[in-house]
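Contents: one structure, followed by commentary.
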Amino acid sequence: MAFEHHSAPDKKYIVESMSGGVALFDYDNDGRIDIYLVDSLTVETAKDPKAARSALYRNLGDGRFQDVTDKAGVAHPGWGMGACTADVDGDGWEDLYVTALGGNHLYHNDHDGTFSDITARAGLAGGGWSTGCGFADYDRDGRLDLFVSRYVKVDLENLPEFGKGKTCEFRGIAVQCGPRGLPGTSDLLFHNDGNGHFTEVGEKAGVSDPRAYFGLGIAWFDYNQDGWPDLYVANDSTPSFLYLNQKDGTFKELAFPMGVAVSEDGGEQGGMGVAVGDYDNSGRLSVFKTNFAEEYNSLFHNDGDHFTDVSFRSKTAASSIPFVGWGTAFLDYDNDGLLDLIAVNGHVYPQMDQARRGASAGYRQRKLLYHNRGDGTFDEVAAQFGSALTEGRISRGLAVGDLDNDGRLDLVVDDLDGSPQLLHNELADAGHWLLVKLVGKGGNTDAIGAVVRVKAGKLSLMRLVQSGTSYLSQDDMRRHFGLGRETQADSLEVLWPDGTTTKLENVKANQLVEIKQK
């Protein structure tokens with residue numbers, strides 16, 4: 001892939017250091033996962049949308065990818081930030097939504113390798129500085145709605161002066177200003193009206209963020225297992241949000257009483273990326289959030305009626321303190337039946353290498369890979385995989401998926417100041433596996449919000465189908481299960497978003513299983 005992210009070398013303004021989402025989705029329905037990488041403009045090139053080129057790469061199935069961006073018509077979303085995908089109109093083809101500074105884009109899949117920009121017709125432009133996004137059927141009417149987080153208010157003609165002011169200095173050196181000290185902005189919730197148009201209902205629904213915090217990564221998930229999707233929003237330098245679905249079109253914000261708003265000692269954190277997963281096979285989805293340097297990444301264990309910050313107890317916190325974390329995911333990279341963790345890192349200040357660093361690492365930073373020990377703790381093992389994980393990069397977006405359908409999860413990372421990384425999983429002694437593709441009925445053919453449970457021997461596993469993951473990114477929506485030594489799943493059960501279930505028994509391992517909702 002010849003893609004290279006465009007970004008000003010000195011990062012004198014915060015708008016030049018935050019982009020870089022990546023989406024993994026099968027845009028041409030050939031059974032292979034394709035890659036979309038988001039590019040951004042700079043303050044100097046802001047008036048020329050074609051100065052940046054986001055890129056779509058078609059998976060050819062032989063380890064090669066073909067640049068099909070120009071034919072597809074998805075090259076120039078402007079000052080791109082992130083991406084999420086869903087079959088918005090229920091026609092069986094994945095559509096692409098790209099967030100941006102100055103107006104977002106909904107690209108409709110036209111079934112022939114091309115996309116049409118239907119943003120205006122759909123009412124989904126948004127405006128402002130949009131960052132995270134994710135589709136979910138929050139009111140369970142059978143149609144996919146869309147949440148968009150937004151960051152700060154920006155006037156490109158009147159940007160804060162580099163290095164001038166209390167929030168424009170770090171370790172005694174001049175740096176970009178913000179987000180503290182800059183005006184925040186509201187978030188957006190678009191309700192799908194069912195006629196190809198969406199209506200913005202964030203304030204009515206109670207998720208608009210009237211405090212104007214700095215929204216980045218988001219995750220839709222049913223944390224209390226009542227059948228209705230709830231919403232987590234990672235806010236930068238401010239408390240994060242957890243919105244409980246009230247089942248009447250509104251939400252109640254409960255992050256503080258539920259224990260997921262701030263750090264264990266009550267400190268506000270620079271929340272960037274979000275991952276949710278059942279890492280201890282408890283049957284409940286926990287939350288992992290990446291944060292700024294010297295704050296530690298947060299692992300919030302879902303105890304059922306609240307969350308507990310187990311970051312230090314799990315042995316994931318201490319190693320994360322020097323790093324600025326972005327894209328993140330729970331993934332079973334060795335197929336042993338336990339979800340591991342990855343976080344990609346990179347500072348926002350190129351000037352870090354001349355600063356008195358304190359507890360912070362330099363500008364270019366390595367990745368963190370945590371192997372799940374199965375007792376609630378993790379070992380940080382990135383060094384075992386050599387330079388692919390330990391090389392210093394300025395990483396942002398991360399997406400996880402099985403790019404070659406071999407049952408081992410691969411990684412795609414979008415980096416600033418350089419080319420992306422495609423990290424192919426070549427672990428030779430990985431366990432058995434299942435890959436599950438769901439086909440829902442009606443307007444949610446992706447079955448977004450569905451929960452898949454697999455029992456295999458002593459393993460009891462759960463996975464959630466999500467739109468919008470990590471940091472401004474989209475994972476492969478097919479659900480992957482490592483089975484360890486088990487050669488079959490004794491049972492495989494799907495809880496569909498409408499509450500119906502499908503159950504299979506004695507499913508042989510090492511295959512892709514497609515399940516259609518009846």
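Keep in mind that the numbers below use all heavy atoms, side chains included, and drop hydrogens, waters and symmetry copies.
Contact check on R32 versus D476 returns no salt bridge, with no Lys/Arg side-chain nitrogen under 4.0 Å from an Asp/Glu carboxylate oxygen. The existence of a salt bridge linking R53 and D67 is confirmed by a sub-4.0 Å separation between a basic side-chain nitrogen and an acidic carboxylate oxygen. Ion pairing between a basic and an acidic side chain is recognised when a charged N comes within 4.0 Å of a carboxylate O; D30 and R58 show such pairing.
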Which is it for L244 and Y223 under the side chain to side chain contact (heavy atoms under 4.5 Å, CB included) test, yes or no, and what are the steps along the way?
-> CA-CA 8 Å; L244 173 65; Y223 78 85; 3.6 Å; yes
Using the side-chain hydrogen bond (donor to acceptor under 3.5 Å, both in side chains) rule, take D139 and H191 through it: C-alpha gap first, then chi angles, then the decisive distance, then the call.
-> CA-CA 9 Å; D139 56 354; H191 179 262; 2.8 Å; yes
Start with the C-alpha distance between K50 and D48, add both sets of side-chain angles, then the distance that settles salt bridge (charged side-chain N to carboxylate O under 4.0 Å, His left out), and finish with yes or no.
-> CA-CA 5 Å; K50 294 190 176 181; D48 179 10; over 6 Å; no
Criterion side chain to side chain contact (heavy atoms under 4.5 Å, CB included) on I342 and D340, from CA distance to verdict = CA-CA 7 Å; I342 187 167; D340 311 300; over 6 Å; no
Checking side-chain hydrogen bond (donor to acceptor under 3.5 Å, both in side chains) for the pair D39/S54: CA distance, chi angles, key distance, verdict?
-> CA-CA 5 Å; D39 198 5; S54 298; 5.9 Å; no
Determine, step by step, whether N302 and S286 satisfy the side-chain hydrogen bond (donor to acceptor under 3.5 Å, both in side chains) criterion, reporting the C-alpha distance in whole Å, the side-chain angles of both residues, the deciding distance to 0.1 Å, and the verdict.
-> CA-CA 5 Å; N302 188 337; S286 296; 5.7 Å; no
Side chain to side chain contact (heavy atoms under 4.5 Å, CB included) assessment of V413 paired with K367 = CA-CA 11 Å; V413 186; K367 297 168 180 59; 4.0 Å; yes
Could you walk me through whether K247 and D226 pass the salt bridge (charged side-chain N to carboxylate O under 4.0 Å, His left out) check?
-> CA-CA 10 Å; K247 311 177 188 179; D226 65 355; 3.7 Å; yes
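How far CG of L24 is from CG of D34: 9.0 Å, rounded to the nearest 0.5 Å. From F25, atom CZ reaches atom CD1 of I33 across 9.5 Å, with rounding to the nearest 0.5 Å. R453 contributes atom CZ, which lies 10.5 Å from atom OG of S491 (distance to the nearest 0.5 angstrom). Atoms CD and CE, on Q421 and M1 in that order, are 10.0 Å from each other to the nearest 0.5 Å. Distance check: L423 CG to L411 CG gives 5.0 Å after rounding to the nearest 0.5 Å. Taking CG from L464 and CZ from F221, the interatomic distance works out to 9.0 Å, rounded to the nearest 0.5 Å.
The only member of L483, D490, L504 that meets side chain to side chain contact (heavy atoms under 4.5 Å, CB included) when paired with V454 is L483.
For G142 against D137, the heavy-atom pair with the smallest separation is N-OD2, 2.8 Å. Counting all heavy atoms, side chain and backbone alike, V400 lies closest to D475 at N-OD1, 2.8 Å. In terms of heavy-atom proximity, G80 sits nearest to S19 at O-OG, 2.8 Å. Of all the heavy atoms in K441 and K518, the pair that sits closest is NZ-O, 3.3 Å. Contact record, R479 with V465: CG-CG2, 3.8 Å, taken as the closest heavy-atom pair. In terms of heavy atoms, A219 sits closest to V274 at CB-CG1, 3.8 Å.
For Y97 and F190, the gap between ring centers reaches or exceeds 6.0 Å. For Y138 and F251, the gap between ring centers is short of 6.0 Å. Taking the six-membered ring for Trp and the full ring otherwise, F241 and Y213 have centroids separated by under 6.0 Å.
For H480 and D402, the side-chain atoms include no donor-acceptor pair closer than 3.5 Å. A side-chain N or O of N291 and one of S298 form a donor-acceptor pair less than 3.5 Å apart. Using modelled atom types, one finds no donor on one side chain facing an acceptor on the other under 3.5 Å when comparing N281 with S460. A donor-acceptor contact closer than 3.5 angstrom links the side chains of Q488 and N506. At a cut-off of 3.5 Å, with distance as the only test, a side-chain donor of W496 or T502 sits close to an acceptor on the other residue. Checking R478 against N405 by side-chain atom types alone, a donor-acceptor pair falls below 3.5 Å. For the 3.5 Å distance criterion, the side chains of D91 and H111 qualify, holding a donor opposite an acceptor. D236 and Y151 share a donor-acceptor pair across their side chains, judged by distance under 3.5 Å alone. Using modelled atom types, one finds no donor on one side chain facing an acceptor on the other under 3.5 Å when comparing T99 with T131. A donor-acceptor contact closer than 3.5 angstrom links the side chains of D110 and S116. Using modelled atom types and a 3.5 Å distance limit, the side chains of T500 and Q517 yield a donor-acceptor pair. A side-chain donor from one of R150 and S186 sits under 3.5 Å from a side-chain acceptor of the other.
You'll find the side chain of D187 stays beyond 4.5 Å of the side chain of V148, heavy atoms only. In this structure, the side chains of V513 and L435 stay at 4.5 Å or more apart for every pair of heavy atoms. Residues N104 and S130 are in side-chain contact: their nearest non-hydrogen atoms beyond the backbone lie under 4.5 Å apart. For the pair F481 and V452, the minimum side-chain heavy-atom distance is below 4.5 Å. In this structure the side chain of T501 never reaches within 4.5 angstrom of the side chain of V494, judged on heavy atoms. Annotation: side chain of I515 is in contact with side chain of L492 (closest heavy-atom distance under 4.5 Å). Side-chain contact between F214 and L216 is absent, with no heavy-atom pair separated by less than 4.5 Å. Residues Y27 and T85 have side chains not in contact (no heavy-atom distance under 4.5 Å, counting atoms from C-beta outward).
The cationic atom of R396 (NZ for Lys, CZ for Arg) lies less than 6.0 Å from the six-membered ring centre of W326 and within 45° of the ring axis. No cation-pi contact links R408 to W433, judged by a cut-off of 6.0 Å to the six-membered ring centre and 45° from its axis.
No donor-acceptor pair closer than 3.5 Å links the side chain of Y107 to the backbone N or O of T119. With D446 contributing its side chain and G440 its backbone, the two residues share no donor-acceptor pair below 3.5 Å. Looking only at distances, a side-chain donor or acceptor of E253 sits under 3.5 Å from a matching main-chain atom of A255. Looking at E200, its side chain does come within 3.5 Å of a backbone N or O of G202 through a donor-acceptor pair. Checked by atom type and distance alone, the side chain of T69 pairs as donor or acceptor with a backbone atom of L56 at under 3.5 Å. Side-chain atoms of T328 never come within 3.5 Å of backbone atoms of G273 as a donor-acceptor pair (strictly under, hydrogens ignored). Judged by distance alone, the side chain of S473 and the main-chain N or O of S470 form no donor-acceptor pair under 3.5 Å.
Note on ring orientation: taking the six-membered ring where Trp is involved, the planes of F3 and H5 are perpendicular (angle over 60°, cut-offs 30° and 60°).
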